[in-house]
Amino acid sequence: MSRQSFDTQDKRSNKPTLRPLALFTSCYMTLAAVGTQVTGNREFVFYLITMLILIAIVLMVHHRIVFLTSQLWALSLWGLLHMAGGLCPAPSSWPIDGGQGVLYSLWLIPDLLKYDQLVHAYGFGITTWICWHALSYQLQRHAPAWPFPSSGRLTLAAAAGMGFGALNEVIEFIAVLLLPRTNVGGYINTGWDLVFNLIGCLIACFLIRWHYRHRKH
């Protein structure tokens, strides 16, 4: 597939579906803003502002690269999981890992898997997928076909995904410095966040390679 045909198909397929995506995202962002006011959660005021900045950046990059519709929806779902994780209360009878009684502190599998860790794996898996898409888009400018997801190229995509994961930890660290009380957690929590970021990145690389081979056959 040539670059021109790819761009044309992608733009035609994405533009009609951006309105429902924008409506979906706007709805949960509005609900999250109301939730921060009702609960007095200053931490999530910080994250709401960060989310708005990230949405603006994604739209600017999308204008140049043209993300797949599925990628934009996946990003929006990640935003929803993040907002719900920090604002939706978890019943007191559910297993909570200290901190605040919200979904982010919830053990999905006691002492093995938290909601927070699952969101990290999902989110930075999606980030790796998008980094691969951006890398492929640039490589395809100099070739007639969509590039093969070699181990080296996938390593670059995964490294980019991990880099954005590290940036997320920097943002959380800034929140800890600026706000008197957060639900970020300590060093162990940060370490597990990075581990699950890596798991998500590796799963994304496996699925990218699998999809390429499946499509070729």
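FYI, the numbering just counts along the sequence from 1.
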K.L.:
Nearest 0.5 Å, what's the CD1-CG distance between Ile171 and Leu54?
P.N.:
6.0 Å

K.L.:
Using a 3.5 Å distance criterion without hydrogens, assess whether the side chain of Ser105 forms a donor-acceptor pair with backbone atoms of Gly101.
P.N.:
no

K.L.:
The test is side-chain contact (heavy atoms from CB on, under 4.5 Å); show your working for Tyr47 and Glu172 and say whether it passes.
P.N.:
CA-CA 9 Å; Tyr47 288 132; Glu172 290 188 351; 3.6 Å; yes

K.L.:
Could you go step by step and tell me if Tyr122 and Leu118 meet the side-chain contact (heavy atoms from CB on, under 4.5 Å) rule?
P.N.:
CA-CA 6 Å; Tyr122 169 80; Leu118 191 63; 5.8 Å; no

K.L.:
How about Leu108 and Gln117: do any of their side-chain heavy atoms sit closer than 4.5 Å?
P.N.:
no

K.L.:
Return the orientation label for the Phe67 and His133 ring planes: parallel under 30°, perpendicular over 60°, tilted otherwise.
P.N.:
tilted

K.L.:
Running the 4.5 Å side-chain criterion over Ile, Leu, Val, Met, Phe, Trp and Tyr, what cluster does Leu198 land in, apart from itself?
P.N.:
Met162, Leu202

K.L.:
Would the distance check show the side chain of Arg153 and the main-chain N or O of Phe148 forming a donor-acceptor pair, the cut-off being under 3.5 Å?
P.N.:
yes

K.L.:
Show, in sequence, the C-alpha distance, side-chain angles and deciding distance for Trp192 and Asp116, and conclude whether the side-chain contact (heavy atoms from CB on, under 4.5 Å) test is met.
P.N.:
CA-CA 10 Å; Trp192 278 117; Asp116 175 38; over 6 Å; no

K.L.:
Can a donor-acceptor pair be found, under 3.5 Å and without considering hydrogens, that links the side chain of Ser76 to the backbone of Leu72?
P.N.:
no

K.L.:
For the side chain of Thr25 and the backbone of Ala22, is there at least one donor-acceptor N/O pair under 3.5 Å apart?
P.N.:
no

K.L.:
Mind listing the closest non-hydrogen atom pair of Leu139 and Pro147 along with its distance?
P.N.:
CB-CG, 4.0 Å

K.L.:
For Tyr28 and Ala84, indicate whether the former's side chain and the latter's backbone hold a donor-acceptor pair under 3.5 Å.
P.N.:
no

K.L.:
Hey, what else clusters with Val38 if you join Ile, Leu, Val, Met, Phe, Trp, Tyr whenever side-chain heavy atoms sit under 4.5 Å?
P.N.:
Val34

K.L.:
May I ask you to decide if the ring planes of His82 and Tyr104 are parallel, tilted or perpendicular, using 30° and 60° as cut-offs?
P.N.:
tilted

K.L.:
Counting C-beta onward and ignoring hydrogens, is there a side-chain heavy-atom pair between Cys131 and Leu135 closer than 4.5 Å?
P.N.:
no

K.L.:
May I have all residue pairs that pass side-chain hydrogen bond (donor to acceptor under 3.5 Å, both in side chains) and include part of residues 197-206, sequence neighbours excluded?
P.N.:
His120-Asn197

K.L.:
Here's a test for you: under ring-ring contact (aromatic ring centres under 6.0 Å, His included), which of Phe196, Phe164, Trp78 qualifies with Phe124?
P.N.:
Trp78

K.L.:
Lys114 and side chain to side chain contact (heavy atoms under 4.5 Å, CB included): which single residue from Asp193, Val119, Asn189 fits?
P.N.:
Asn189

K.L.:
Rounded at 0.5 Å granularity, tell me how far OH in Tyr212 sits from CH2 in Trp132.
P.N.:
8.5 Å

K.L.:
Could you tell me the separation between the OH atom of Tyr115 and the CG atom of Leu106, rounded to the nearest 0.5 Å?
P.N.:
9.5 Å

K.L.:
Is there a side-chain contact between Phe24 and Leu80 in this structure, where contact means two heavy atoms from C-beta onward sitting under 4.5 Å apart?
P.N.:
yes

K.L.:
Quick check: do Phe206 and Leu154 have side-chain heavy atoms less than 4.5 Å from each other?
P.N.:
no

K.L.:
When rounded to the nearest 0.5 angstrom, what is the spacing between OG1 in Thr69 and CG in Leu21?
P.N.:
8.5 Å

K.L.:
Do Val102 and Cys88 have side-chain heavy atoms sitting under 4.5 Å apart?
P.N.:
no

K.L.:
Return the orientation label for the Trp210 and His214 ring planes: parallel under 30°, perpendicular over 60°, tilted otherwise.
P.N.:
parallel

K.L.:
If you look at every heavy atom in Ala134 and Ile65, which pair is closest and at what distance?
P.N.:
CB-CD1, 3.7 Å

